[in-house]
**Q** 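Okay, here's the structure, questions in a sec.
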Amino acid sequence: MAGRVRLQSRCVAIGSALVFFPKVGAVVASSNAGNDLGEFKSQVLAAVDIVVLIGQSVALKRRGKDYVGLCPFHSEKTPSFQVSPAKQFFYCYGCKAGGDAISFVKKRDRVEFIDALRTLGESVGLEMPKAGGGNQKSGERQALLEMHSAAGAFFQRLLEHPQHGAAAREYLQTRRIDAESVTRFQIGFAANAWDGLLRGPVGRKFAPQQLRDGGLVKEREKGAGFYDTFRNRLMFPIRDENSRVIAFGGRVMPGSEDPAKYLNSPETPLFSKSRSIFGIDLARQKIVERRTAVVVEGYTDVVMAHQFGVANVVSILGTAMTEQHVNLLRRFADKIVLLFDADTAGDTAVDRAVGLFLTQPVDIAIASMPEGVDPDEYLLEHGAAGFEKVVAGATDALLYKWKQLVRRFNENGDSLTGQQKAIEEYMTMLAGARGSGPVDAIRWGRALAQVSRLTEIPVEQLNRRFRAVKQAGPRLSAPVDGSAHAASAGQPNTGDQAAPKVHRALTAQERAERQLLGVLLLEPKRWFSVQKSLALTAFTDELHHRLAEIYWTHQQDEGEPVFHEFLGLLEDDSLKELSVACFDEVEALGDPEAVFNSALNFVRESQNRKLPADAERNSLGPQDDALLLKQLSDLARQPNLRRA
């Protein structure tokens, strides 16, 4: 199989910061030569540096030979999340999440294995093998990506042109967008010409029909030929979370007669407004750090926010928030704040936000800018601190909607009829949201409790009112009761709950089994001698036996496992935790040969007694435990020659 040299990056710590340097010479074989998914997976894992991958969304610091940071999968104040560049795996000692690069993307993006593998492959330039006509479709997609990249470079060069880009650069200065922001967002300019792109290098490289499929040109309504989609506009590349240009947004230049202030690319195989987010690639890391995404309306609002250091801000391209937008953002955020202009926070947008709040597993809050002021203008006048204060004042979507109705009460006077109409409208809106998809029982209970407090109408009566509102769509089947709330809030209830784990001292048999498993994970070649003298029944602890069974099967079917890949195969968190603990313990002792001989002899002798597992444990007295523990303690006190 032919190979090619790929540049990879590696991570080096300088002080407390991470600095990325290119790593040259990793040979990556072309995946187009075969359809072996397992081979493709190995190629991807060989090409990906897990420290660089995780460092894109987690602030990592060097600690010894590894990196540590706050776990992105659960809330913590003290770092328990560890990334090993040598072993190419991650593990959290808090929530027990762990595995290889594919496991990380699966958990981060909440996707299936195949999607995580595809995403990682694309990030390192590898194309997933497909059967039949799949490669043709993949090739077309790649051509669209190359086309948009070339178009973005063309627009950037035009902005930099001394004559053609002068007016656009002057306009950027009036908007106080600095040169660093222009570079960061790859802002460009489309000339005031019907065929500037067509006649340029992009038009010479790609056929007009391809440019049409990518939304960059349009067919003439009368006569043959094509013309540029974007003309006389400031150009903002729309990139996906992997920083690939998939579309463009154009802001009309001052003095233009074009009535469309903003123009986005049409729907293409690459781009859909309902699932694309402007600025997500630049905002992702800060969103992960702050666990909050702020959504504004315009491109320049995003650019200005990042220019002022508020880098968790994105835009949904002037369209209503969709489930696809939420699904993308909740990969990185626990809370989404929608920042509306005062004149655009209408009923439809707010009702949509309420529906998403009730049906999606993420907090959604709404804040409004002062009347007549855009976010970029507010930032220029009040700075980052003022902008952050507006965001901090956001209220959850349910309360925001209620405040809208309260204002309507006041407009109509404090009459009983006006209040009744507002309540009916609120209930109708909630019913519509409930009918749009599965609704979280806790959030539904909060909604009714909130209306009850504000209107002084008992929850039972509100429930009856809701049942009277006829709505199409599925009904909520789960009851809203105290036990559900208790479970959600982490409070005890009367239902069955798992007892907390009780940690006890290990017996000599258990410790020997752990040490033996640790050596096998560290040095898989030793398994061939182990399996000749030990049966799986030699592992008397249930968890040890399960791990050994999986390990034995891997060795028999697929050969020696690579630790980080093996860890990624384990679906049970308890098995991942055990694997990491065994591996780390043996590695820390520093003499696998001595640990191996001692542990293997002990387990083999126990097996040869041919007693049932329980009787075997009971037959081991304090002298046996003390003997093995003394041997291990002696090993731990010996100089670690491997690390010297």
Side-chain angles (χ1 to χ4, degrees), residues 9 11 17-22 52-53 55-59 123 145 148-161 165-166 168-190 230 233-251 253 262 264-265 271 276-290 292-318 328-329 332-333 339 374-380 383-384 387-388 391:
S9 55
C11 191
L18 290 178
V19 181
F20 298 97
F21 294 98
V52 176
L53 171 70
Q56 294 171 356
S57 53
V58 178
S123 72
L145 287 169
H148 280 80
S149 178
F154 173 76
F155 294 138
Q156 285 178 270
R157 288 195 298 270
L158 200 56
L159 178 65
E160 297 165 358
H161 193 277
R169 292 196 302 274
E170 183 178 347
Y171 175 68
L172 286 169
Q173 290 176 359
T174 64
R175 297 298 298 264
R176 297 170 66 178
I177 296 176
D178 61 27
E180 184 179 346
S181 294
V182 171
T183 301
R184 183 186 304 121
F185 285 88
Q186 299 176 346
I187 299 172
F189 175 62
F230 299 98
R233 289 180 178 273
L234 204 61
M235 299 297 291
F236 295 85
I238 300 168
R239 301 188 294 251
D240 64 12
E241 58 267 36
N242 295 315
S243 297
R244 299 173 302 185
V245 180
I246 58 174
F248 292 94
R251 203 277 185 199
M253 288 291 292
Y262 290 101
N264 291 322
S265 293
F271 172 67
S276 299
I277 299 175
F278 178 72
I280 185 63
D281 59 318
L282 298 176
R284 184 168 77 174
Q285 182 169 345
K286 188 58 68 175
I287 290 173
V288 169
E289 292 175 7
R290 303 187 65 171
T292 299
V294 180
V295 179
V296 296
E297 295 184 70
Y299 315 115
T300 54
D301 296 332
V302 176
V303 174
M304 192 59 67
H306 284 245
Q307 187 170 304
F308 273 81
V310 189
N312 61 329
V313 177
V314 294
S315 170
I316 53 174
L317 307 172
L328 176 56
L329 288 173
F332 318 115
L339 189 56
D374 291 332
D376 63 331
E377 297 170 339
Y378 196 86
L379 279 157
L380 289 169
F387 182 83
E388 296 273 25
V391 173

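From a predicted model like this one, the values you see are computed outputs, not experimental measurements.
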**Q** With distance as the sole test, does Ser57 use its side chain to make a donor-acceptor pair with the main-chain N or O of Gln285 at under 3.5 Å?
**A**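 Looks like no, no N/O pair under 3.5 Å.
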**Q** Considering only heavy atoms from C-beta outward, does the side chain of Ser265 approach that of Ile238 to under 4.5 Å?
**A** no
**Q** Judged by atom type as modelled, is there a donor-acceptor pair below 3.5 Å linking the side chain of Gln307 to the main-chain atoms of Asp178?
**A**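 A pair under 3.5 Å: yes.
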**Q** May I ask you to check whether Phe248 and Phe155 place their ring centers less than 6.0 Å from one another?
**A**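 Yes, they do, as the ring centres are separated by less than 6.0 Å.
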**Q** For Ala283 and Val314, which heavy atoms make the closest approach, and how far apart are they?
**A** CB-CG1, 3.6 Å
**Q** Got a second to check how far Glu170's CD is from Met253's CE, nearest 0.5 Å?
**A** 8.5 Å
**Q** On a heavy-atom basis, which atom in Leu317 and which in Ser276 lie closest, and how many Å separate them?
**A**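 Closest approach of Leu317 to Ser276, heavy atoms only: CD1-O, 3.8 Å.
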**Q** Just wondering, do Val302 and Leu282 contact through their side chains at under 4.5 Å, heavy atoms?
**A**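 They are not in side-chain contact.
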**Q** Evaluate Tyr299 against Leu234 for side chain to side chain contact (heavy atoms under 4.5 Å, CB included), listing each step before the verdict.
**A** CA-CA 11 Å; Tyr299 315 115; Leu234 204 61; over 6 Å; no
**Q** Side chains of Ile246 and Leu145, heavy atoms from C-beta outward: is any pair under 4.5 Å?
**A** yes
**Q** Using 0.5 Å steps for rounding, measure from the CZ atom of Phe189 to the CD atom of Gln156.
**A** 14.5 Å
**Q** Would a distance-only check, ignoring hydrogens and angles, find a side-chain to backbone donor-acceptor pair under 3.5 Å from Asn312 to Ala293?
**A** no
**Q** Can you list the steps and then say if Arg175 with Thr300 is a side chain to side chain donor-acceptor pair (under 3.5 Å)?
**A** CA-CA 9 Å; Arg175 297 298 298 264; Thr300 54; 3.3 Å; yes
**Q** To the nearest 0.5 Å, what is the distance between CG (Leu172) and CZ (Arg251)?
**A**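 Nearest 0.5 Å value for the CG-CZ distance: 10.5 Å.
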**Q** Write down the atom of Met304, the atom of Leu380, and the distance for their closest heavy-atom approach.
**A**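 Between these two residues, the closest heavy atoms are SD-CD2, 3.9 Å.
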**Q** If you measure from the Lys or Arg side-chain nitrogens to the Asp or Glu carboxylate oxygens, is any gap between Arg157 and Glu160 under 4.0 Å?
**A** no
**Q** Nearest 0.5 Å please: distance from the CG atom of Leu379 over to the CG atom of Asp374.
**A** 10.5 Å
**Q** Quick check on side-chain contact (heavy atoms from CB on, under 4.5 Å): which of Ile177, Val303, Asp301 does Asp376 satisfy it with?
**A**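 The side-chain contact (heavy atoms from CB on, under 4.5 Å) with Asp376 is passed solely by Asp301 among Ile177, Val303, Asp301.
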**Q** To check you understand the geometry: which heavy-atom pair defines the closest contact between Phe278 and Pro237, and what is its length?
**A**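 Shortest heavy-atom contact: CE1-O, 3.3 Å.
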**Q** Considering only heavy atoms from C-beta outward, does the side chain of Phe271 approach that of Asp240 to under 4.5 Å?
**A**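 A side-chain contact under 4.5 Å is absent here.
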**Q** Any side-chain heavy atom of Phe308 sitting closer than 4.5 Å to one from Val313?
**A** no
**Q** CZ of Arg184: more than 12 outside heavy atoms within 6.0 angstrom?
**A**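 Yes, the 6.0 Å shell around CZ holds more than 12 heavy atoms from other groups.
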**Q** What closest approach, in Å, do Ser181 and Ile187 show between heavy atoms, and which atom pair accounts for it?
**A** O-CD1, 4.3 Å
**Q** Looking at every non-hydrogen atom in both residues, tell me the closest pair between Val310 and Ala384 and how far apart they are.
**A**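 Heavy atoms of Val310 and Ala384 come nearest at CG2-CB, 3.8 Å.
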**Q** Counting the benzene-type ring for Trp, do His306 and Phe185 have ring centres under 6.0 Å apart?
**A** yes
**Q** So, the side chain of Arg169 versus the backbone of His161: is there a donor-acceptor pair under 3.5 Å, distance only?
**A** yes
**Q** Let me confirm one number: the CG-CD1 distance from Leu328 to Ile280, rounded to the nearest 0.5 Å.
**A** 5.0 Å
